[in-house]
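See below for the structure under consideration.
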Number of protein chains: 2
Amino acid sequence: MAKNRKSCEVPDATIHRLPLYLEKLKLLQAIGVEDVSSRQLAESLDIKASQLRHDFHYFGGFSRPGRPYQVAKLVPALEQIIGIAEPVPTAIIGAGHLGQALANYQNLDVQGFPVRGIFDTNPKLIGVEMRGQPVRDMDELEKVIREEKIKIAILTVPAAQAQTVANRLVEAGIIGIFNFAPADLKVPEGVAVRNERLAVGIMSLSFKVKCILQSQEEDITEV
Amino acid sequence: MAKNRKSCEVPDATIHRLPLYLEKLKLLQAIGVEDVSSRQLAESLDIKASQLRHDFHYFGGFSRPGRPYQVAKLVPALEQIIGIAEPVPTAIIGAGHLGQALANYQNLDVQGFPVRGIFDTNPKLIGVEMRGQPVRDMDELEKVIREEKIKIAILTVPAAQAQTVANRLVEAGIIGIFNFAPADLKVPEGVAVRNERLAVGIMSLSFKVKCILQSQEEDITEV
DNA sequence: GTAAAGCTGTGAAAACCGTAACAGAATACT
DNA sequence: AGTATTCTGTTACGGTTTTCACAGCTTTAC
């Protein structure tokens with residue numbers, strides 16, 4: 001189908017907004033809202049209504065002119081687009097503090113990413129129960145990935161081991177890697193990597209803080 | 001100085017790349033590399049050399065035409081721009097799993113953000129030692145922020161409490177909030193917020209995974 | 001000493017994204 | 001019934017970001 005192919009040619013910026021739309025819509029659904037206009041939804045997310053409609057337009061539109069969006073139709077449509085209409089089995093590699101935090105992050109399951117495997121090499125951690133399942137030895141990695149049909153892996157190992165582990169993941173059939181290690185992973189085509197660098201986040205925040213402090217100093221000296 | 005004011009009018013996209021440049025440069029510095037060309041540095045980060053030079057150009061350039069960049073000069077220059085030439089005292093609000101993970105994230109200190117306060121309301125957590133300091137009661141929040149001159153707060157409380165806590169932080173003098181709660185914080189001008197939504201990250205990854213799977217199916221049926 | 005190669009700084013071109021404007025359709029109101 | 005209002009889908013516009021191209025400087029090779 002041409003539409004599927006086309007629906008993947010979408011700006012990154014739009015893709016990053018889809019989860020925000022879905023989150024807000026689920027919230028509305030939970031409090032019993034049935035209809036929502038592009039303006040209402042957009043304003044609650046601090047964006048322009050035209051942008052929201054433009055985003056939806058990439059996927060063909062979800063309503064008819066003159067009628068607001070129906071929450072009950074929009075939610076499954078977005079889930080379909082994002083790829084979580086069916087639960088996506090997920091693994092966590094690295095059961096350190098961050099891995100534990102993510103394993104216990106309840107929303108992961110709720111939002112469509114049930115954790116079907118937690119792995120580590122540390123003998124002290126192997127066997128420990130986390131969220132109803134034991135931490136497994138890395139030896140079992142390939143076996144569990146295949147048996148549980150895991151497609152996405154969350155990587156929270158030290159940077160030095162990230163590439164080695166990534167190679168094993170790809171070999172075992174993983175298609176998406178959510179990488180928390182500060183390393184640039186090289187993966188073959190057909191594998192998606194998303195880097196989540198906490199250091200980048202806090203540093204760009206720091207840049208803005210510095211700018212705010214500077215402008216405050218200027219204001220003082222100017223007065 | 002006009003330059004300071006100007007140096008804050010920089011595209012967000014550029015700001016987000018600065019930490020990546022710094023990280024890579026520190027790595028080069030650690031292995032003894034003295035000079036690096038824009039091409040070398042850019043290629044190791046999977047971006048175009050012209051973009052890197054363009055980014056640096058916002059700050060006036062760091063070399064002279066004809067000569068490559070000197071790592072030893074670039075590192076402190078970037079630290080100055082990002083605002084971490086001096087350590088930036090930081091607090092963690094919420095000592096749950098994620099808060100603990102961040103508190104124990106060694107690099108935070110190394111990268112210029114020493115944790116000077118960890119707070120929670122849970123009596124079971126208060127007093128527990130994390131990374132050499134006790135978890136404090138939220139009652140002490142304002143006092144510690146003022147005493148330690150804390151400017152940046154990492155917010156890892158539940159979404160329902162995020163806005164209330166953010167208000168207290170702003171009131172106490174916090175200028176930058178690194179928000180991990182899935183909530184849209186409203187803050188006055190002069191306060192920077194950076195939202196880090198783990199759910200958004202994994203969902204945009206899921207979108208790409210779905211696209212990869214679809215294109216693979218198409219390839220099969222086409223063959 | 002001169003030519004060649006390599007490098008940055010810089011401004012213009014191209015690509016991309018966000019915003020605005022409007023046509024057409026459904027509803028609400030008089 | 002007819003008009004006004006509200007709403008989406010869609011296209012065109014404007015601004016921003018990325019990429020390209022090149023001028024000018026520095027070193028290297030011969």
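Values in this document were obtained by computation on a predicted structure and should not be read as measured data. Residue numbers begin at 1 in each chain, while the letters A, B, ... track the order of the sequences.
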Once you round it to whole Å, what is the distance between [atom2] of [N] and [atom1] of [X]?
| X | N | atom1 | atom2 | answer |
| --- | --- | --- | --- | --- |
| B:R64 | D:dA23 | CZ | C1' | 18 Å |
| A:Q51 | D:dT10 | CD | P | 18 Å |
| B:L52 | C:dT8 | CG | P | 9 Å |
| B:H54 | D:dA21 | NE2 | C1' | 12 Å |
| A:D55 | D:dT10 | CG | C1' | 14 Å |
| A:R53 | C:dG24 | CZ | P | 16 Å |
| A:F59 | D:dT10 | CZ | P | 14 Å |
| A:K48 | D:dG14 | NZ | P | 17 Å |

inquiry  = Once you apply a heavy-atom cut-off of 4.0 Å, does B:S63 come out as touching a base, just sugar-phosphate, or nothing?
reply    =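 Sugar-phosphate, no base atom in range.
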ask   = So what does B:F62 touch, heavy atoms closer than 4.0 Å: a base, only the sugar-phosphate, or nothing?
value =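 Sugar-phosphate: the residue B:F62, judged by heavy atoms under 4.0 Å, touches backbone atoms but no base.
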message = Check this one for me: any side-chain N or O of B:H57 less than 4.0 Å away from OP1 or OP2 of C:dG9?
response =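 Answer is no, no contact under 4.0 Å.
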Can we say [X] and [Y] salt-bridge, meaning some charged N sits less than 4.0 Å from an Asp/Glu carboxylate O?
| X | Y | answer |
| --- | --- | --- |
| A:D12 | A:R17 | no |
| A:K73 | A:D35 | no |
| A:K24 | B:D184 | yes |
| A:R197 | B:E23 | yes |

query = Is the ring centre of B:F62 less than 6.0 Å from the ring centre of B:Y69?
reply =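 Not close enough - the centres of the two rings lie 6.0 Å or further apart.
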request  = Using side chain to side chain donor-acceptor pair (under 3.5 Å) as the criterion, list what pairs up with B:Q70, not counting sequence neighbours.
outcome  =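 By the side chain to side chain donor-acceptor pair (under 3.5 Å) rule, B:Q70 matches no residue at all.
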ask   = How far apart are the C-alpha atoms of B:D109 and B:R116, what are their side-chain angles, what is the distance that settles it, and do they pass the salt bridge (Lys or Arg N to Asp or Glu O under 4.0 Å) test?
value = CA-CA 10 Å; B:D109 285 81; B:R116 292 274 184 271; 5.3 Å; no
ask   = Looking at DNA chain C, which of residues 15-46 of chain A put a heavy atom within less than 4.0 Å of it?
value =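 Contacting residues: A:R17.
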request  = Assess whether ring pair (Phe, Tyr, Trp, His ring centres under 6.0 Å) is satisfied between B:F178 and B:F180, documenting all intermediate values.
outcome  = CA-CA 7 Å; B:F178 196 19; B:F180 284 82; 4.9 Å; yes
ask   = In residues 66-81 of chain A, what residues come within less than 4.0 Å of DNA chain D, judged by heavy atoms?
value =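 Only A:G66, A:R67, A:P68, A:Y69 qualify.
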query = Among C:dG18, C:dG24, D:dT18, which nucleotide sits nearest the side chain of A:P65?
reply =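 Selected nucleotide (nearest to the side chain): C:dG24.
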key: Sole candidate of B:I154, B:I152, B:L102 that passes side chain to side chain contact (heavy atoms under 4.5 Å, CB included) when paired with B:F113   =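 Considering B:I154, B:I152, B:L102, a side chain to side chain contact (heavy atoms under 4.5 Å, CB included) with B:F113 is found only for B:I152.
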